[in-house]
Amino acid sequence: MVSTHAGPSRGATHVVSNQPPALTPYDASDDRALLEGLRREGAGWAEEGIRRLGRQAGSEEAQEWGELANRHEPVLRTHDRYGNRVDEVDFHPSWHHLMRVAVTEGLAGAPWADDRTGAHVARTAGGLVWGHAEAGHGCPTSMTYAAVPALRRQPDLAKVYEPLLTSREYDPELDVPTRKSGLLAGMGMTEKQGGSDVRTNTTVATPTAEPGVYTLRGHKWFTSAPMCDVFLVLAQAPDGLSCFLVPRVLPDGSRNTFRIQRLKDKLGNRSNASSEPEFDGTVAWLVGPEGQGVKTIIEMVNCTRLDCVMGSATLMRRTLVEAGHHARYRSAFGARLVDQPLMRNVLADLALESEAATTLTLRLAGAADRAVRGDRGEAAFRRIATAVGKYWVTKRGPAFTAEALECLGGNGYVEDSGMPRHYREAPLLSIWEGSGNVNALDVLRALSREPGTAEALFAELALARGADARLDAAVNRLKDTLAEGSPSGARRLVELMALTLQASLLVRHAPPAVADAFCATRLGGDWGHAFGTLPDGADLGAILDRALPLSDPALARAAQPAFLRCG
């Protein structure tokens, strides 16, 4: 006898309920702090493009690209089927989709060819939204962006390569650089015996009979990303550590010696290939004077450190959006999570941290844009504030991401949620371009060797003088701490610098609820040791309404109080 019962099948054990719908599609640019900063820092003209890119970043298609690029990791092919050395890295098509959008939208070298005020700010804002799709491919775009100012130290090379590095054409084929429509640049600075202490590099550069042309011999410990067209590397020339341009393919069409020994098996950033190449008779062109390798790449470091801050701020915002979305739909103990007082405290605390990171990122981008245009005061501010931001914002990233993951509970601990990938990515940004100690000591170095940097920082802080007593007191503490200035206390000093700088920006530009809660907790001491410990007086509703806009009509209705939904 066949049953006509219309209920669940006999094998069914439950009906899925109390689970949030998929977040996608969503608008990654739906972030008031970002859009306000974009306008304030001189790139309001880019808002329409940023909004369009934000919608694309949160689309189902782009989110799937990010997932696939990490699920199908790059594969190294050292030889072809016939035994010829090829040293190529194969990527899933999703990687190329992500890269094509990033390059086309000007997130690589394009700002250096854009005369509009705020071009570098627009690029940073683009990274803050497009990074919601996937983080790993930001590595080659960042290095391509950073390579241009370093290459300008050698005008004859810049004349050839800069138009291609600033191109908006993504051309992944391995070919003679000058035959391509666009180039990507990588870098090879660190070696296994030294890491950040690049002056101990052992790769040797030997001059050839042709002026400016050398051959390299040595082994690099971290070189990202090996599929790029050209690389800036450091090596020991006769007059000391120097910077060189190394193309993968030589002008005559032959392969340069770039033997990739292995790809790094990394904690995160797995869509992107990081490698260990060996140079043996590798042809290279000198960039800048011999013996001035560090001076040559310092501008490159400023650029990539800014991108580390940007990457951490992006991860914060991305995981906050995910946590807020989950909390709106998930219920426990008789109420939605977003209505539970303690969860609201956690989300609001995360929102403060995210806004502070985004606001500082865009301020740094504004300083970079104005410094490029000749503003010496902004150049001095950029020099110290970028190192400060790199230290602090990237340090906050892992703890922030872990707390956002915890908002999802066990759902956030499984790979399907995407949160584990974000969590694994977070520590990279604190390590890349110098770990915490390197950046903290670099701040001390800037203060001692470049006196104008301290004046520039305090001039910025002075813009908020008198607006908040807690901030004023913190600035005074900073001045006292600065006078003591010992290497062992560098982290404490830089942390205070970062917090006063973030607070001053929020006091000047954020709503009172945001600025007051930030100053009360980060500077006033009314805070615990974990997120979710904001004081009872904090205006959680105002903070959350600003940080988690309800752009989806269905989501907005679900988030309304019950008495409104029943009307």
Side-chain angles (χ1 to χ4, degrees), residues 70 74 102 107-108 123-124 127-128 131 134-147 149-150 184-192 194-198 201 220-228 231-234 263-277 294 297-316 318 357 360-361 364-365 368 385-401 421-443 491 494 498:
N70 283 272
L107 306 187
R123 175 194 174 267
T124 298
L128 284 165
E134 202 277 326
H137 75 292
C139 178
T141 57
S142 177
M143 292 185 298
T144 302
Y145 171 67
L184 295 174
M187 66 173 74
M189 307 299 174
T190 62
E191 296 181 1
K192 53 194 165 199
S196 296
D197 187 7
V198 294
N201 281 7
K220 292 295 179 180
W221 190 234
F222 268 97
T223 295
S224 295
M227 68 286 181
C228 290
F231 297 82
L232 289 180
V233 305
L234 293 177
L263 300 184
K264 294 292 192 179
D265 188 7
K266 298 174 291 183
L267 169 68
N269 200 250
R270 299 186 71 89
S271 65
N272 174 49
S274 299
S275 67
E276 289 180 42
V294 173
I297 66 167
I298 195 66
E299 183 67 17
M300 186 176 193
V301 170
N302 281 333
C303 293
T304 48
R305 283 182 175 174
L306 170 58
D307 280 6
C308 289
V309 182
M310 176 186 75
S312 285
T314 304
L315 275 175
M316 288 182 187
R318 174 68 176 88
L360 178 57
T361 299
L364 296 176
T386 300
V388 168
K390 164 65 168 74
Y391 171 82
W392 182 243
V393 176
T394 63
K395 271 276 179 282
R396 301 297 289 156
F400 184 106
T401 309
R421 169 157 59 92
H422 302 319
Y423 182 59
R424 290 191 296 268
E425 186 73 22
L428 167 67
L429 297 159
S430 182
I431 297 169
W432 185 26
E433 284 304 355
S435 57
N437 285 352
V438 170
N439 276 269
L441 293 173
D442 186 47
V443 172
R491 284 185 174 224
V494 177

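For this chain, numbers begin at 1 and follow the sequence in order. Worth saying up front: this structure is predicted, and the values here are computed from it rather than measured.
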Cation-pi check, K390 onto W432 ring (under 6.0 Å, within 45° of axis): no

Non-hydrogen atoms of T314 and G127 that approach each other most closely: OG1-O, 3.7 Å

Heavy-atom check, side chain of M189 versus side chain of F231, under 4.5 Å: no

Polar side chain donor-acceptor pair, N269 to N272, under 3.5 angstrom: yes

For S224 against M143, the heavy-atom pair lying closest together: O-CE, 2.6 Å

For A385, all residues meeting side-chain contact (heavy atoms from CB on, under 4.5 Å), sequence neighbours excluded: L364, F381, L501

H137 and E134 side chains, donor-acceptor separation under 3.5 Å: yes

Smallest separation among heavy atoms of A387 and V443, with atom names: CB-CG2, 3.7 Å

Residue pair L232 / I297, side-chain heavy-atom distance below 4.5 Å: no

Sidechain-backbone polar pair: S312 side chain, V309 backbone, donor-acceptor under 3.5 Å: no

Heavy-atom donor-acceptor pair, K264 side chain to W221 backbone, under 3.5 Å: yes

Cation-aromatic face contact R123/Y145, 6.0 Å, 45 degrees: yes

By side-chain contact (heavy atoms from CB on, under 4.5 Å) - contacts of N201 (at least two apart): E191, Q193, V198, K220, L234, Q236, L241

Between T223 and E276, a side-chain donor and acceptor under 3.5 Å: no

Residue pair P427 / L267: nearest heavy atoms and the distance that separates them: CG-CD2, 4.1 Å

From T386 atom OG1 to L360 atom CG, the distance as rounded to the nearest 0.5 Å: 8.5 Å

Minimum heavy-atom distance S275-P277, with the two atoms named: O-CD, 3.6 Å

